[in-house]
> 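Take this structure, written in structure tokens, and hold onto it; I'll ask about it next.
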Amino acid sequence: MTRVILGRLVQASLVALMVGLLTFVMTRSLPGDMAYRIAAGRYGYDIVDSAAAAKVAAELNIDQPALVALGHWMFDLVRFDFGTSLISGLPVIEEIASQLGHTLKLAFAAIVLSLLIGPPLGILAGLRPGGVLDRGLVVLSTSVRALPQFVVGLGLIIIFSLTFKLVPAAGHDHGAHLFLPALTLALGLAAVSNRVARDAMRSVSETSFYAFGRTKGLGEWQVFRRHGLRNVAVPIITYLGVQFVYLIEGVVVVETLFAWPGIGHALVHAIFGRDVPMIQGAALIMGLMFVALNALVDALSHVIDPRERRS
Amino acid sequence: MNIVLKVTDAAVFAGKTQLVEPTSFDLAAGRVLTILGETGSGKSLLVQAVAGLLPTGLSATGFTEVGGKSFDLTAPTSLRPVWGRTLGILPQEPWLALDPTMRALDQVAEGHRLVRDLEPEAARLAARSDLVALGVGDAERKLPGELSGGMAQRVAFAAARAGGARIVIADEPTKGLDATRRNDVIALLMKEVEAGGSVLVITHDLALAKQMGGDIAVVLQGRVIERGDAGTVLTNPSHAYTKRLIAADPANWIAPTTHEQQGEHILVAEGVSKARGGRLLFSGQSLRVRRGEIIGLSGASGSGKSSLGDILLGLIKPDEGTITRLPGAERHRFQKIYQDPPSAFPARITIGQNLSDLIRRHSLDNISLPPLMKRLGLSKDLLGRLPAEVSGGELQRFSIARAMLLDPVFLFADEPTSRLDPITQQETVALLVELARERSCAVLFVSHDKALIEKTCDNIVEIAHSGGK
Amino acid sequence: MTFTDDVPPRATGIPVRRVIGLAILAALLLFAFLPLVTGGPDPLKQSLRLSLQGPSASAWFGYDHLGRSMQARLSAALRLSLGLALLSVVTAMVPGVLLGIAAAWRGGVLDEMIGGISEAFMALPGLLLVLMLTAIVPDNAMMLYLGISLVLWVEYFRLTRALARPLLLSPSVEASGLLGFGPWYIVRRHLWPELAPMLVTVGSYGAASAIMAIAALGFVSVGVRPPTPELGAMMIELLPYYEEAPHALLQPIAVIFLMVLALQLIGAKEKA
């Protein structure tokens, strides 16, 4: 277990390192008049002067030697001192703090929803491989996976909001707003997790221990409950870790589509406006969220799989 | 006699093809019935049919009478209620048959709890006393991954019987086990018989059949060709196949005329020692191999037999000591025959491709292969198959052919026949020895089977045990 | 527990699923690259009187909101997506496989070093890496290409290493060594036949996810920017007109669907 925790800590520092390096290169590659343009963007073209531009340049350590600047940059980063947004002028950390809440809410809803849809269907299909449900799910999963998330999201908007007017398409004031973006993400996740669950259920039901459960005299449901469920859950939980890559990427797209005021949305805006401090903060927090979710998976499989507790 | 299991005209079909002819037999309380046959004889299918366990795609006819009820084998699911309650089915590979994520005690207790309907606490107590009675009381909190093979076997045995079954069906219970573990399993089954239970054993292992006693039925190509009391059948067989099967037991092989070899030394090991995983396997081991000499090496698993052979071949380095090979002999003239033939071939290319690659690599004569294959009884169309598509015996003969192509001076045969059926084993060993003698190729023959070594080799060496930890 | 040593017939030929996938892919490639040979309308040429005109005999795919030929735009976008995806996959595959084999073969420090670098790339979700790279030099397909390749190589490396490691330690490789075969033979006869099916699968899925990523970036307007035809960007442009000209919006969606579907069909592993 200590090794797992240590591994996640290493991953977190690697996230910081990658984000730090990339955003540092970003500041260095800003064109010469960038500081001036940013200053103009912040204060307005009428009142901007060279002093304001110099201030922006200093904020970005543009005027210092590369290595010194990189040192400063990384030091600020690990202190979560991202500076102020070049566009809004507000401290990045404050903006991200409120966005993180929205993104977590969305991610959590999506995961729960996908777990309700994917694994149960997959397990049912895996119990009867080649059956109607199994074949239907193959077609459905393949189709959903062949559509970009924003298309799935658009489809849901058209069906639920525009045609049937059941839920609002965009906004973030109450629970109903959460439904469509969460469902968009959940469908994408479930399209994969139902196949994982199906394959796991199928291979578990073909194991010697599953057959032995039957010949011991247990009924079909008893065998499933005592020897199937836990053994199927292990690969599904493990695979969640892989799915989080998809989730984080999905958050970027889906938040933009549904105008959901989360970190993904903020990141896209920041990249569009080349707001480096904001890019840095958003990317770092998203990367760390990815690590935290993976740590959660570690903990969960620790609870479910007794083998994990023994090593 | 109190008949507990009565089988009438059980037959097995794949579609319309009959795989096992209608067969009838009885099993009495306190008795053993051994069904003896080679791989592919249909012995397992017969018993699977009787217990309602046939894999999908196969069907059965006939009747099984058990627990005072008769079951039609055309409807195998009707037998399910007797599983665990009357028929205890011992899994073939106990390690794999235990749920890897459940503690040993729970896996036994669930039989008492769910099949015998005991209260949870009573079920746990019953399971605990089962494990203690089998000498594995300390395993109860362990997961299967933490059990040794022997412990897993006992836990599985307890689990198979927890539902109250007094008829035990054991399919190849000693497959792949070394001598100690084999005796363990036999003792376990015999204890069951002494306690008044009945055992139905399916095996290809003559020694097991002998030790179990009771009745024997010999199966060949889906038909019982001989049956009777174990003592009678095994000492005085009437059917030609049974005779051959018994003759194939290394203990019954005709001792060879030993050849005192006078040739030069082709391989000399002096004062070799090797440790693995912190354990000293051997030290001060010396060995001199003369040209054309067949040397046997026997010992329990884990005694370092294979490591010694690999050191001689230069595959692993000894911790101490020196190896001297015949000067002037190329490295590829020191070859090895592996225990598991499929693992010794590139899995994704055909055997023929592999052999022709070899011929090209060493610019060998293309004409030496066909006669060699003919000698080994290998047909030409096997060349177009992948290693997994031929039988173990055929593939092992291909690996002999492959080695012989290179005109070897030394062959390390590492348990070359332990995965083969007895008759195939005898044929393979005979061919290997014959070819080696003709070509004056020395062989280091490793086997856990003492009789096989004694009946095959000119000389026998012992591992120089240090007895260390 | 098998009845005989009889062997199952060897699977020969290509599975139907893969044939269908290859057929769709071939058709898309033809649609994308044929105009380069035969010539066709300019994807950037606007003519507002044709705005949102539906399919007709002369223009099967109709026109977009600026009156640009949908056919020309679609095939240009396909060239971009497919070309970029396939290029990235090859760029990622070659070093990934070579490094994987090297790490498995040499082990030790080399293995740990490459392993460590791959960990660094795995730490971040791929799209974040690509997003940040595109922020360094905006509006540049090179950065997309670089970013996607950097994300993809890790998987080839890890899978190759995981596959090669036990294989190189197996008796069959040991036997080939004893028989006098060299490293090249081990690669050609032992490693490659095991690696190739994996590479087809991972390569197809990699190309599919690259296509998705390009479209996603286009959709959030940080990837390739207008007026360059790109499938994701085309969808966001045509979205406002979905009621008056649904055909226009559906076209890029159908193209991306077919492309990813084809790649999934090609990559799908044989299941028993």
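All values below were derived from every heavy atom in this structure, side-chain atoms included, with hydrogens, water molecules and symmetry-related copies excluded. Residue numbering restarts at 1 for every chain, and letters A, B, ... go by the order of the sequence lines.
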> Pick out which of Gln153(B), Lys142(B), Arg154(B) makes a side chain to side chain contact (heavy atoms under 4.5 Å, CB included) with Val136(B).
Arg154(B)

> Any luck finding a side-chain donor-acceptor pair between Gln222(A) and Arg225(A) under 3.5 Å?
no

> What part of Leu53(B) is in contact with chain A, defined as an atom under 4.5 angstrom from a non-hydrogen atom: side chain, backbone, both or neither?
side chain

> For the candidates Pro94(B), Gly163(B), Ala160(B), which exhibits the highest count of non-hydrogen atom pairs separated by less than 4.5 Å from chain A?
Ala160(B)

> Check whether any side-chain N or O of Asp305(A) sits under 3.5 Å from a backbone N or O of Ser301(A) as a donor-acceptor pair, and report yes or no.
no

> Mind ranking Met102(B), Glu93(B), Arg116(B), Arg161(B) by heavy-atom pairs under 4.5 Å with chain A and telling me who comes out on top?
Met102(B)

> Which one wins on heavy-atom pair count under 4.5 Å against chain A: Leu96(B), Ile89(B), Asp106(B), Leu87(B)?
Leu96(B)

> Out of Gln48(B), Glu172(B), His204(B), which one pairs with Lys43(B) under the side chain to side chain donor-acceptor pair (under 3.5 Å) rule?
Glu172(B)

> Give, as side chain, backbone, both or neither, the part of Thr207(A) having an atom under 4.5 angstrom from any heavy atom of chain B.
neither

> Going by an N to O cut-off under 4.0 Å, is there a salt bridge joining Arg124(B) and Glu140(B)?
no

> Counting heavy-atom pairs under 4.5 Å with chain A, which one of Gly52(B), Pro81(B), Pro91(B) comes out on top?
Pro91(B)

> Let me know if Arg230(A) has heavy atoms under 4.5 Å from chain B in its side chain, its backbone, both or neither.
side chain

> Does the side chain of Met286(A) reach to within under 4.5 Å of the side chain of Leu267(A), using non-hydrogen atoms?
yes

